[in-house]
Amino acid sequence: MNSQETPAVKLRPEIVALAAYKQGKPARADAFKLSSNENPFDPIPGVLEAIATAGDVNRYPEASGIAVREQIAARFGVGPERVHLGAGSVALLAQLIQAAATVGDEVVYAWRSFEAYPGLVAVSGAASVRVPVLADGRHDLPAMLRAVTDRTRVMIVCSPNNPTGSIVTAREFEEFMEGMPADILVILDEAYVEFVTDASSVDGRSIADRYPNVVILRTFSKAYGLAGLRLGYAVGAEHILDAARSTAIPLSVTEQAKAAGLASLVHEDLLLERVARIAVLRDQVWRALIDQGWSVPRPHGNFVWLATGDSTEHAAGVFESHGIVVRALLPDGLRVTIGEPASVDKLLRASAEVVRNLPSPHSGAALD
């Protein structure tokens, strides 16, 4: 039998049909990469020192990460057994979905939301149930509740929502949970929560002990600037996190990541001062976009959302011609990270050109 006659390896058809996650496009030397929601600040010296002294890379990492977990647990007012570390919050999300859902089950989430959700659900074997966001990019929580069936195993709420930037308020989340069956795992994805300045927003720290079926996800990648080291954490009931741990790839959180995370918590005031500066710049960019004629959802993460619809691919090219690499989420719109202050002029020149040539100024119209 020659190579042309060799039978193809049998793969899961739903995985073969799945589009692989694509990293944000790199930028040329004279451009700005605003496609990956990275923190533009260089690491602080204390974090670099912690990484340099973290230990020998020929040794496996200490699996429990107890020092980091204790620090996080203290901030949430829970015991360290209720904190679980992972290689980024997306790894924890994958673990939780696999722990709770399989073939024949359903996972409900808003759409458009984090682009990794559909792939993670497909890998688990479960089915995605996408509930369109509202016209202003917010979660339609009543519609998400109506989507619950006897097959629902997981519900994902993303606040601030990536990519629309909209929040779920504490009151909205409370009303949502009043109607949520207690046997459904609710994941509150708060990857961008540190950038929120609206006091009405839901905050995982205030609900950690309130709902036994809620797991809170956060990350060191965004606000703390550790995207390259991959460190996230989950806070929830111990038995749920134990199930997630059972699905995890062993020893996937490195000593360097844990050391950097611990140092970030020690120097948190400095890092959050940087976050505040990004939030101020974000709001300035948002107001400038409104002045240009855009109807942009009020942003609460470290990015803005431009709903360019059928013009998305062309609009991304216009931004790139101005030296700004954005995240094109076809066919809905562009997500643009708030990066270096020096990028703002280029960003706004590009956005002004795009909005002038759109069929009509786009807002966060309902995405399906």
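In this text the structure is predicted, and so the values were computed from the model without any measurement.
When side chains are defined from C-beta on, Leu229 does not count as touching Phe220, because their heavy atoms never get closer than 4.5 Å. Looking at heavy atoms from C-beta onward, Arg69 lies out of side-chain contact with His84 at the 4.5 angstrom threshold. No side-chain heavy atom of Ser35 sits less than 4.5 Å from a side-chain heavy atom of Thr337. Looking at heavy atoms from C-beta onward, Leu347 lies in side-chain contact with Val336 at the 4.5 angstrom threshold. Considering only heavy atoms from C-beta on, Glu255 comes within 4.5 Å of Glu62 through its side chain. Using a 4.5 Å heavy-atom threshold, the side chains of Tyr192 and His300 count as separate. Looking at heavy atoms from C-beta onward, Thr254 lies out of side-chain contact with Leu231 at the 4.5 angstrom threshold. Side-chain contact check for Thr312 versus Asp310: every heavy-atom pair is 4.5 Å or farther apart.
A continuous path of ILVMFWY side-chain contacts below 4.5 Å connects Ile184 to Tyr211, so both sit in one hydrophobic cluster. By the criterion of side-chain heavy atoms lying less than 4.5 angstrom apart, applied directly or through intervening Ile, Leu, Val, Met, Phe, Trp or Tyr residues, Phe319 is not grouped with Val325; the two fall into different hydrophobic clusters. In the hydrophobic cluster analysis, where Ile, Leu, Val, Met, Phe, Trp and Tyr join through side-chain heavy atoms closer than 4.5 angstrom, Val193 is grouped apart from Val202. Ile338 and Val196 are assigned to two separate hydrophobic clusters, defined by single-linkage of ILVMFWY side chains at heavy-atom distances under 4.5 Å. There is a path of hydrophobic side-chain contacts, each under 4.5 Å, that joins Leu334 to Ile290.
Clustering of Ile, Leu, Val, Met, Phe, Trp and Tyr side chains at separations under 4.5 Å leaves Leu18 isolated, with no partner residue. Side-chain heavy-atom separations under 4.5 angstrom define the hydrophobic clusters, and the remaining members of the one that includes Val9 are Leu11, Val16.
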Starting from the C-alpha separation in whole Å, work towards a yes-or-no answer on salt bridge (Lys or Arg N to Asp or Glu O under 4.0 Å) for Glu268 and Arg75. CA-CA 12 Å; Glu268 192 170 42; Arg75 284 162 169 75; 3.1 Å; yes
Using salt bridge (Lys or Arg N to Asp or Glu O under 4.0 Å), reason through Glu106 and Arg153 one step at a time and then give a plain yes or no. CA-CA 6 Å; Glu106 294 176 345; Arg153 295 295 178 269; over 6 Å; no
With side chain to side chain donor-acceptor pair (under 3.5 Å) as the criterion, how do Glu190 and Ser159 come out once you've worked through the C-alpha distance, each side chain's angles and the decisive distance to 0.1 Å? CA-CA 5 Å; Glu190 294 189 308; Ser159 180; 6.0 Å; no
Passes salt bridge (Lys or Arg N to Asp or Glu O under 4.0 Å), Glu353 versus Arg349? Steps please. CA-CA 6 Å; Glu353 180 178 338; Arg349 282 197 296 270; over 6 Å; no
Residue pair Ile187, Leu92: steps toward the side chain to side chain contact (heavy atoms under 4.5 Å, CB included) verdict: CA-CA 10 Å; Ile187 299 172; Leu92 295 163; over 6 Å; no
What do the steps show when you test Asn39 against Asn302 for side chain to side chain contact (heavy atoms under 4.5 Å, CB included), and what is the final call? CA-CA 8 Å; Asn39 192 313; Asn302 66 334; 5.9 Å; no
Quick one: do Val90 and Arg230 satisfy side chain to side chain contact (heavy atoms under 4.5 Å, CB included)? Show the steps, please. CA-CA 9 Å; Val90 69; Arg230 312 305 299 128; 3.7 Å; yes
How far apart are the C-alpha atoms of Ser221 and Leu226, what are their side-chain angles, what is the distance that settles it, and do they pass the side chain to side chain contact (heavy atoms under 4.5 Å, CB included) test? CA-CA 4 Å; Ser221 295; Leu226 301 184; 5.7 Å; no
Start with the C-alpha gap between Arg218 and Asp203, add the side-chain angles, then the distance that decides, and say whether salt bridge (Lys or Arg N to Asp or Glu O under 4.0 Å) holds. CA-CA 11 Å; Arg218 293 193 176 183; Asp203 187 327; 2.8 Å; yes
Side chain to side chain donor-acceptor pair (under 3.5 Å) assessment of Ser166 paired with Asn161: CA-CA 5 Å; Ser166 303; Asn161 186 43; over 6 Å; no
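Nearest heavy-atom pair across Ala50 and Ala263 is CB-CB, 3.7 Å. Across all non-hydrogen atoms, the minimal contact from Val107 to Ala101 is CG2-CB, 4.0 Å. Leu281 and Pro341 make their closest contact through CD2-CA, 4.0 Å (heavy atoms, listed as atom of the first residue, atom of the second, distance). Pairing each heavy atom of Ala147 with each of Val131, the nearest pair is CB-CG2, 4.0 Å. Listed here is the closest heavy atom pair of Pro132 and Asp140: O-CB, 3.8 Å. In terms of heavy atoms, Phe176 sits closest to Val186 at CE2-CG1, 4.4 Å.
Between Glu115 and Arg327, at least one side-chain N (NZ, or NE/NH1/NH2) sits under 4.0 Å from a carboxylate O, which counts as a salt bridge. Between Asp332 and Arg112 there is a salt bridge, with a side-chain nitrogen of the basic residue lying less than 4.0 Å from a carboxylate oxygen of the acidic one. For Arg82 and Asp209, the salt-bridge test passes: some basic side-chain N is under 4.0 Å from an acidic carboxylate O. Under 4.0 Å is where a charged nitrogen must lie from a carboxylate oxygen, and between Glu194 and Lys222 no such pair does.
By the neighbour-count criterion of 12 heavy atoms within 6.0 Å, atom CZ of Arg205 is sparsely surrounded, having that number or fewer from other residues, nucleotides or ligands. A 6.0 Å sphere centred on CG of Leu48 holds more than 12 heavy atoms belonging to other residues, nucleotides or ligands. Annotation for Asp269: atom CG does not count as buried by contact number, only 12 or fewer foreign heavy atoms lying within 6.0 Å. Arg59 CZ: 12 or fewer foreign heavy atoms inside a 6.0 Å radius.
No donor-acceptor pair closer than 3.5 Å links the side chain of Ser201 to the backbone N or O of Asp198. Using a distance-only test at 3.5 Å, with no hydrogens or angles considered, a donor-acceptor pair links the side chain of Asp105 to the main chain of Thr102. At least one donor-acceptor pair closer than 3.5 Å links the side chain of Ser246 to the backbone N or O of Asp242. Side chain of His139 to main chain of Cys158: a donor-acceptor pair is present (N/O by atom type, distance under 3.5 Å, no hydrogens or angles). With hydrogens and angles ignored, the 3.5 Å screen pairs a side-chain donor or acceptor of Thr169 with a backbone N or O of Glu172. Without hydrogens or angle criteria, Trp305 side chain to Gly333 main chain gives no donor-acceptor distance under 3.5 Å. Under a 3.5 Å cut-off, the side chain of Asp136 and the backbone N or O of Arg138 do form a donor-acceptor pair. At least one donor-acceptor pair under 3.5 Å links the side chain of Ser124 to the backbone N or O of Ala126.
Here the straight-line distance linking atom CE of Met180 with atom CG of Leu185 works out to 10.0 Å at 0.5 Å rounding. Atom CG in Leu306 sits 6.0 Å away from atom CG in Leu289 (nearest 0.5 Å). Remark: Leu141 CG to Glu175 CD distance equals 9.0 Å, nearest 0.5 Å.
Between Tyr109 and Phe114, a ring centre-to-centre spacing not shorter than 6.0 Å is recorded. The aromatic ring centres of Phe303 and Phe195 sit 6.0 Å or more apart.
Defined by atom type and a distance below 3.5 Å, a donor-acceptor pair is present between the side-chain atoms of Arg335 and Asn162. Looking only at atom types and distance, the side chain of Ser200 has no donor-acceptor partner in the side chain of Arg171 under 3.5 Å away.
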